[in-house]
Amino acid sequence: MEYNFSAIEPGIRQFWKEHEVYKVLNDSAQPKYYVLDMFPYPSGSGLHVGHPLGYIASDIVARYKKSKGFNVLHPMGFDAFGLPAEQYAIETGQHPSATTEKNIKRYKEQLDNIGFCYDWSREVKTSDPEYYRWTQWIFIQLFKSWYNPLTQKAESIDSLIRILEENGNAGIPAPGDTALQVSAADWGSIDEAARRDVLMQYRLAYLDYAEVWWCDALGTVLANDEVVNGVSERGGHPVERKRMRQWFLRITAYADRLLSGLDGLEWSEAMKEMQRNWIGRSEGAAVQFEVKDSTARIEVFTTRPDTIFGVDFMVLAPEHELVARITTADRMAEVEQYQAYVRSRSERERMAEKKITGCFTGAFAIHPVTGREIPVWISEYVLAGYGTGAIMAVPAGDDRDHGFARHFDIPVTNIFGEQYNGEQAYTAKDAVLENSGFISGQKVPEAAAAVLDYLEQKGIGTRKVNYKLRDAGFSRQRYWGEPFPVVYKGDIPYTIDEAEAALPEPLQQLPVVLPHVESYRPGPEGEGPLANIDSYLWVTNTRGEQLRRETNTMPGYAGSSWYFLRYMDPGNAGFLAGKAAADYWNQVDLYVGGTEHAVGHLLYARLWTKVLCDLGYLSFDEPFRKLLNQGMIQGSTRFVYRIKGTSTFVSFNLKDQYETDPIRVDVSLVDGVTLDTEAFKAWRPDFAGAGFILEDGKYICGSETEKMSKSKYNVVNPDDIVRQYGADTFRMYEMFLGPIEMSKPWDTKGIEGVHKFLKRFWRLFQDEQQGLAVTDEQPSEQELKVLHRTIKKVEEDTERFSFNTAVSQFMICVNELTDLKCRKRAVLDPLVRVIAPYAPHMAEELWQQLGHKESVVAAAYPAWEERYVVDNTKVYPVAINGKTRTEMEFALDAPQADIEAAVMSSEKVQHYLEGKTPKKVIFVKGRMINIVL
RNA sequence: GCGGGUGUGGUGAAAUUGGUAGACACGCUAGACUUAGGAUCUAGUGCCGCGAGGCAUGGGGGUUCGAGUCCCUCCACCCGCACCA
């Protein structure tokens, strides 16, 4: 019988479903293994062939681990809140919950088509109130917690209150305002509002001000994504930065633990390095500069205190709060103009800008050591959010400062003597300081230490650790996200369960359900759409006070920061995940996803896990033990070439004879590189009258590798591939394309090889006329060698996620067994179990045909035997001066002397020796022989 | 600008520890079978060369008996950069 995948696969999927073979229980005597895919966002365009790459890999691992005796948790769900659904709602009026449901349904169909072994009974959706009640609950924990620097842990805010009552905040500076000093007496005498202001400076979820993109024409706040080239993507309206009060998560409190926690994780070094760089820990000094004729003090952070004698000017971020205070009257107009320019610029643009811009404020700072007056400038290259938003500029020792000084003709003080050439800053750390007062003649480390001692002694500076990491903005002025469980009494925020808010009992309960809206228009003053709904906005408490609800919603990463916990115990109505379930499943053993989440999602999920662990809700503080990054599958775009000013298209190899415009053509109209000209004419009305200049009777397209996207007409839908070749072929082909972590282009043409292989695999079992043709004969030594080597190789390759080489091994195995005409059960029965994780449908079908009643999913992975995988001879490459000239076979246990003698006397070697005596013979047992002349 | 990654045949790639570069496939060429072939099978296929042989892992240099693999340097491309998820 032919391999008829389209008849086999749906039935097999039905069989799995009916027998609930993917159902996972939380209690099992088997060891657990938790393999997780990164949460998909269910976009309206569905899956393309790039998305399932990681899902196939994790599915193979999940099935393989099951066959190795593990109780495997392999769930799937949806990150269902997000901007695209809301944007779509604004454009079409359809409610995001409706479109999201539709998209999820489509995603699930597409995923099921590929035969993944998800336990769908554990599916979670972040937009489900039963899910987001726990997202809100975690937010409340964050709000009611602070990071105790003495215990290095998050603790309940109550422990802070007790400390404040007894001792004030001496020794535990507020991370939100390090200058804040509150004695026990102060704490006792201030009112509730003032106390809550103090606590706000400590909370892990806190309110502060931050800038957002504001578009006046649209009356709304825009995401970075929605701002393109300095104008709104929709409509092209001007945008500017606007300060708004927003929620933040104090991730900076965890900077050191997020850094040190990386050491124990099995993530790629590249991934860890990205997180380290993102956290950006640097040691240096905070130094105060007085401002001439002003009470203002400018604080800077520097990692090179040794260069302090080379400070020639200061630069403040244009939005620095001191700018307005210190700018002199005559410079005011110009400074304001420059500030307006910078307000229109994104951080990215500012950092990447090569053109040097800046503006003198008219103010002078006083050098804290020499007393010299140094000009204070503002420039976009200094960012308000990094360090203190101000720098001491040392042009002799810093490239950017040097460029700035030259551009604005600021004289450069040379503190490096001969080492500085006047053309370029001298940035090497091996410098010897010169012209630098009491540190002249010293090297960088000792000079830095000396300066630090001096500054600390004089009280004008301190040793300081700085982080590039910034606290995470947690408010979105949007509708389609988790509502905050927060109400305001005047300006003071309370979580709904706090006694001080005095809400009636039902209003204290989670979840705070996202109200239905008819319009997604933003509220007044840049607030989100929730501000338009009076019935939601205002609540009356038991004291008859009118409280206003928070109108922002949470960002996309809120729900995805803890979803891996919910899968463990998705039905739990009493807690986000029951203790027993969380202890059993524990950390995710393998997390599969793209590198694009390196510093966003992965950092936030680590933070939430650490907080929940500190507060006693979890027994582990790192969520993802091992991380596997899958590369992208790129699109292969096809081009046709239209002769300028005509509707004639010329084939690829003839196009240079004409002047042409390349035009992207939908990949579905092309077979390999050959265009279906009739389909092309039918594709778009403006091509209906197209003419073609062919080569060899065909129209050949050009091709280029690009991101797979609708607009490039290079999207390939897995449904189409599955329909044409079957899910097993699709799965194996995706794996066969190359190493999982590498990016590679999709080429549908190449799938034939894998499909042919599966047909050959099938034919090992099947006779074309009679069907199953497996025999009970004793297998030969050679057949067993093929089998056992395959078991071993596939096992090793699967363990190290080298799926492409595992597929190759299957091909080699089938080629060899076909040559041996092997139809023996003793070989083929184990082979079905080996291939089952890769091609589960075919394996299940053959498994049943072999007479097994249980699903192959439950079958054990076969063990390989040493005696079938060892060789006792080796064909050695024999090289002369490193160049391989011949091959000779020897027993592996042959004595070296015998081998050397045989090699030297061989005719081929004698030919190359040309009578000379070799200087040396290198023999590496089991590897090679090299004769050095 | 900063950070991370990747460069091997016409194409996707393999080479797991410094030890036969190109396994396994796609494509291409020739052939067999066939009423037919977008089925199946056989043979060939890195480049140059009639051949002996030479040259080849982005470019250049180095270490080594031996380098795709280690070191230095240069180049090209891809991804991320804090409100897309």
Side-chain angles (χ1 to χ4, degrees), chain A residues 2 38-41 43 79 81-84 87 210 212-213 221-227 246 268-271 273-274 276-278 280 347-348 350-354 381 385 399-400 468-478 555-557 560 594-601 603 629 631-632 634 636 671-673 703 705 707 733 736-739 741-747 749-754 756-757 759-760 763 796-797 800 802 804-805 807-812 815 875-879 881-887 919-922 924 926-933:
Chain A
E2 272 285 282
M38 282 186 191
F39 229 10
Y41 174 80
S43 88
D79 193 5
F81 277 133
L83 210 44
Q87 190 52 45
V212 293
W213 283 117
V221 172
L222 299 176
N224 285 340
D225 250 32
E226 299 176 294
V227 178
Q246 329 211 20
S268 69
E269 263 317 302
M271 209 65 170
E273 198 56 23
M274 275 191 262
R276 287 191 194 107
N277 288 325
W278 188 258
E347 265 191 27
R348 183 102 49 92
R350 287 171 61 172
M351 286 188 290
E353 183 58 70
K354 284 191 187 140
Y381 82 87
D399 288 328
R400 235 172 347 178
K468 198 154 73 191
L469 182 71
R470 304 200 295 252
D471 282 340
F474 200 65
S475 294
R476 300 292 183 265
Q477 295 70 38
R478 294 288 179 174
Y557 67 83
S560 61
T595 52
E596 65 272 21
H597 298 285
V599 289
H601 161 64
L603 211 48
N629 293 118
M632 264 198 316
Q634 293 145 322
S636 186
D671 177 24
V673 289
S703 59
T705 300
K707 202 177 168 133
Y733 182 54
F736 186 63
L737 278 176
E741 65 276 3
M742 225 63 95
S743 289
K744 54 244 157 183
W746 175 267
D747 176 16
K749 201 86 185 161
I751 203 169
E752 300 281 353
V754 175
K756 232 188 291 185
F757 150 74
K759 285 200 232 173
R760 283 160 66 85
R763 279 203 298 270
E796 287 168 354
D797 285 353
R800 67 188 175 101
S802 180
N804 56 326
T805 52
V807 176
S808 296
Q809 180 60 39
F810 282 124
M811 290 174 170
I812 291 167
N815 290 347
V875 178
Y876 282 93
V878 178
N881 282 339
K883 282 198 192 338
T884 305
R885 297 299 185 181
T886 186
E887 288 175 349
K919 283 203 195 95
K920 206 183 335 178
V921 177
I922 291 158
V924 182
R927 290 279 186 198
M928 44 64 70
I929 298 158
N930 187 16
I931 298 161
V932 186
L933 292 181

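Protein chains get the first letters and strands the later ones, always in sequence-line order, with residue 1 at the start of each.
If you take atom P in B:U40 and the same atom in B:G7, they sit 33 Å apart, rounded to whole Å. Between the P atoms of B:A36 and B:G22, the separation comes to 40 Å (whole Å). Separating the P atom of B:U64 from that of B:G1 is a span of 37 Å, rounded to the nearest Å. Comparing the P positions of B:U20 and B:A15 gives an interatomic distance of 13 Å, to the nearest angstrom.
Checking B:C26, B:G7, B:A85 against the side-chain heavy atoms of A:Asp79 singles out B:A85 as nearest. Closest contact between the side chain of A:Leu737 and the listed nucleotides B:C79, B:G12, B:A14 involves B:G12. Side-chain atoms of A:Arg763 lie closest to B:C41 of the nucleotides B:C41, B:G19, B:A85. Of the candidate nucleotides B:A85, B:G19, B:C83, B:G19 has the atom lying nearest to any side-chain atom of A:Val924. In this structure, the nucleotide among B:A23, B:G4, B:A82 sitting nearest to the side chain of A:Trp278 is B:A82. Comparing B:C79, B:A85, B:A25 by their closest approach to the side chain of A:Phe736 singles out B:A25. Among the nucleotides B:C84, B:G4, B:U16, the one closest to any side-chain atom of A:Asp797 is B:U16.
Checked by distance alone, A:Asn224 brings no side-chain donor or acceptor within 3.5 Å of a matching partner on the base of B:C83.
In this structure, A:Lys468 atom NZ and B:C2 atom C1' are separated by 6 Å, rounded to whole Å. Separating the CZ atom of A:Arg470 from the C1' atom of B:A82 is a distance of 6 Å, rounded to the nearest angstrom. Atom CE of A:Met928 and atom P of B:A21 are 10 Å apart (whole Å). Distance A:Gln634 CD to B:G12 P: 10 Å, rounded to the nearest Å. When the P atom of B:U40 is taken as reference, atom CZ of A:Phe757 falls 14 Å away, rounded to whole Å. Atom pair A:Met271:CE and B:U6:C1' shows a separation of 16 Å (rounding to whole Å applied). The separation between A:His597 atom NE2 and B:C84 atom C1' is 10 Å, rounded to whole Å. The interatomic distance linking A:Arg760 (CZ) with B:A25 (P) rounds to 8 Å, in whole Å.
With contacts defined as side-chain heavy-atom distances shorter than 4.5 Å, the pair A:Leu737/A:Trp746 qualifies. Counting heavy atoms from C-beta outward, A:Thr805 and A:Arg800 have side chains that approach closer than 4.5 Å.
Not one side-chain nitrogen or oxygen of A:Asn881 sits closer than 4.0 Å to the OP1 or OP2 atom of B:G66. Residue A:Asn815 has a polar side-chain atom (N or O) positioned under 4.0 Å from OP1 or OP2 of B:A25. Of the side-chain N and O atoms in A:Arg348, one or more sit less than 4.0 angstrom from OP1 or OP2 of B:A82. Residue A:Asn804 places at least one side-chain N or O under 4.0 Å from the OP1 or OP2 atom of B:A14. Contact annotation: A:Arg476 reaches the phosphate of B:C83 (side-chain N/O to OP1 or OP2, under 4.0 Å). Contact between the side-chain N/O atoms of A:Lys759 and the OP1/OP2 oxygens of B:U40 is found at a separation under 4.0 Å. Side-chain nitrogen and oxygen atoms of A:Lys883 include none within less than 4.0 Å of the OP1 or OP2 phosphate oxygen of B:G53. Neither OP1 nor OP2 of B:C81 sits under 4.0 Å from any side-chain N or O of A:Arg350.
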- Take A:His601 and A:Glu596, measure what side-chain contact (heavy atoms from CB on, under 4.5 Å) needs, and give me the verdict at the end. CA-CA 9 Å; A:His601 161 64; A:Glu596 65 272 21; over 6 Å; no
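By the 4.0 Å N-to-carboxylate-O rule, A:Glu226 lies close enough to A:Arg478 to be salt-bridged with it.
Nearest-nucleotide positions on RNA chain B for A:Asn930 and A:Asp747 put A:Asp747 closer to the 5' end. Residues A:Ala472 and A:Lys920 each lie close to RNA chain B; by heavy-atom proximity, the contact nearer the 5' end of the strand is made by A:Lys920.
Both distances falling under 3.5 Å, in either a Watson-Crick or a G-U wobble arrangement, place B:A30 opposite B:U42. The pairing partner recorded for B:G68 is none, the criterion being a Watson-Crick or G-U wobble arrangement whose two distances lie under 3.5 angstrom.
The closest donor-acceptor contact from the side chain of A:Asn930 to the backbone of A:Gly882 lies under 3.5 Å. No donor-acceptor pair closer than 3.5 Å links the side chain of A:Tyr876 to the backbone N or O of A:Arg927.
Separating the NZ atom in A:Lys919 from the CG atom in A:Asn881 is a distance of 7.5 Å, to the nearest 0.5 Å.
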